[in-house]
Amino acid sequence: MKSSSIFKVSRRNALKALVAGSALFTIPAIVAKETHSDRKYNHQINYKGHHQAGVITKEQKNVSFVTFNVTVSSLEELKDLFKIITNRIAYLTQPQKLPVNSNDKMPPFESGMLGEHLDPDSLTVTVSLGSSLFDSRFGLKHLKPRHLVAMTSFPNDRLDSNWCGGDIALQICANSPESVVYALRDILQHTSLYLAPNWKIDGFLPSRDIDNKSTPVNLFGFKDGTGNAPADNTDLMNELVWVTDSDKEPTWCRGGSYQAVRLIRFNLEFWDRTPLEDQENDFGRHKITGAPLGMKHEHDSPEYEKDPHGDRILFNSHMRRAEPRNPERYTAKLRRRSYSYSLGVNESGMLDMGLIFISYQKNLKTGFINTQKRLNGEPLERYIKPFGGGYYFVLPSVINDGEYLGEVLFNN
């Protein structure tokens with residue numbers, strides 16, 4: 001009996017100790033649940049200015065690129081469309097207390113997916129026009145930007161018409177997917193009488209790279225955009241990106257830019273079986289640091305003049321073909337703004353993932369087209385297959401309240 005009592009007391013004490021210990025271990029978990037994220041969603045990017053936001057703006061984490069075909073037939077209706085789009089951009093890029101619908105017999109005023117408040121979340125909506133908008137429908141043919149044409153195939157392309165073209169394109173960027181989707185749904189709700197969606201693709205950048213303010217890494221595991229010209233260099237942006245008074249374009253184009261979009265499928269299963277040496281030779285850079293081969297730091301000069309025979313950085317590497325620096329820096333007259341995408345798996349059970357390549361340039365030919373011609377036949381073509389996209393012209397921005405995107409075109 002005595003020993004039995006001792007056993008019961010000891011067992012009781014052990015259970016008390018176990019419960020107390022478990023409570024101690026669970027306290028941090030409870031505290032962790034009660035802490036709030038330091039993430040801020042209220043950062044606002046001004047939609048007004050000399051140029052549209054979203055071109056040389058620092059890249060946000062998420063994008064939806066959507067193209068539309070115009071369904072109206074008159075110029076006045078087209079003007080109304082652009083007034084509506086401008087008003088929605090003005091609304092969505094500023095903090096809002098979202099309206100409440102008290103009539104439960106009617107649809108809500110908005111989707112409700114952001115709760116009671118709309119925070120800008122670094123949202124930008126960049127509006128551009130395809131060459132098809134300058135056909136005979138609206139009498140705008142004589143005002144078409146000089147270099148704006150429909151995108152045609154390069155040798156390695158396999159273009160699908162379902163993923164090409166469009167009268168109007170929207171590039172919607174923000175730092176969370178829900179902000180992008182909310183903005184898209186809002187614009188669709190207000191423009192459904194004027195537009196029909198053509199194609200849409202969602203993209204993303206690595207959160208850790210954006211948060212750490214480092215060059216984003218693409219799905220091949222290499223830094224993407226190292227060679228970009230600095231956006232804070234106004235003279236260089238005017239030389240590479242923006243249409244200025246010195247360019248032989250219709251006067252309304254000043255302050256705009258040509259936009260090239262390429263949807264590029266990656267063969268990741270093949271790439272992941274490729275030796276590191278081959279991967280680095282194909283890009284011309286070290287995979288981890290992003291430095292040119294033989295260098296230590298991402299932004300080191302490749303010093304091509306010390307490698308005249310291409311022994312260190314191969315002549316057919318992506319880096320050397322894209323920007324040979326001959327005769328000058330920024331041989332590629334463009335600024336890129338690309339995102340990764342994921343569309344699931346294809347009919348063969350392989351990952352349907354890749355790159356939404358977007359570049360901006362003041363001249364489509366000297367920018368993207370000439371750069372792509374230098375890249376034709378590069379070794380990376382074994383791993384990539386472009387399948388869609390298009391060429392567009394980014395409208396000049398609005399500067400004052402009461403103006404609307406496209407007004408300079410229609411009043412020309």
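When reading the values below, keep in mind they use all heavy atoms of this one structure, side chains included, and skip hydrogens, waters and symmetry mates.
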Non-hydrogen side-chain atoms of [X] and [Y] separated by less than 4.5 Å:
| X | Y | value |
| --- | --- | --- |
| Val63 | Arg337 | no |
| Ser342 | Asp352 | no |
| Leu129 | Tyr392 | no |
| Ile168 | Thr67 | no |

Glu298 versus Thr226, side-chain donor and acceptor atoms under 3.5 Å: yes
Thr251 versus Asn412, side-chain donor and acceptor atoms under 3.5 Å: yes
Any pair counted as side chain to side chain donor-acceptor pair (under 3.5 Å), so long as it reaches residues 162-171, sequence neighbours left out: Ser132-Asp167, Arg137-Asp167, Asp160-Asn162, Gln171-Tyr360
Pair listing, side chain to side chain donor-acceptor pair (under 3.5 Å) test, anchored in residues 395-405, at least two apart: Lys48-Asp401, Asn400-Glu403
Set of residues satisfying salt bridge (charged side-chain N to carboxylate O under 4.0 Å, His left out) with respect to Arg321, sequence neighbours excluded: none
Evaluate whether atom [atom1] of [X] has more than 12 neighbouring non-hydrogen atoms of other residues, nucleotides or ligands under 6.0 angstrom away.
| X | atom1 | result |
| --- | --- | --- |
| Glu328 | CD | yes |
| Ile288 | CD1 | no |
| Met106 | CE | no |

From Leu118, Leu123, Leu114, Asp121, residue fulfilling side chain to side chain contact (heavy atoms under 4.5 Å, CB included) relative to Tyr41: Asp121
Given Leu395, Val125, Val127, the one that forms side chain to side chain contact (heavy atoms under 4.5 Å, CB included) with Ile85: Val127
Pair [X] + [Y]: basic N to acidic O under 4.0 Å:
| X | Y | result |
| --- | --- | --- |
| Lys362 | Glu249 | no |
| Glu323 | Arg329 | yes |
| Asp202 | Lys200 | yes |

Do the side chain of [X] and the main chain of [Y] share a donor and acceptor less than 3.5 angstrom apart?
| X | Y | result |
| --- | --- | --- |
| Gln279 | Thr274 | yes |
| Asn198 | Cys164 | yes |
| Thr331 | Arg325 | yes |

I want to know whether [X] and [Y] have ring centres closer than 6.0 Å.
| X | Y | result |
| --- | --- | --- |
| Phe82 | Phe410 | yes |
| Phe368 | Phe357 | yes |
| Phe68 | Trp199 | no |

Parallel, tilted or perpendicular: rings of Tyr383 and Trp271 (30°, 60°): perpendicular
Arg88 to Tyr91 six-membered ring, cation-pi geometry met (6.0 Å, 45°): yes
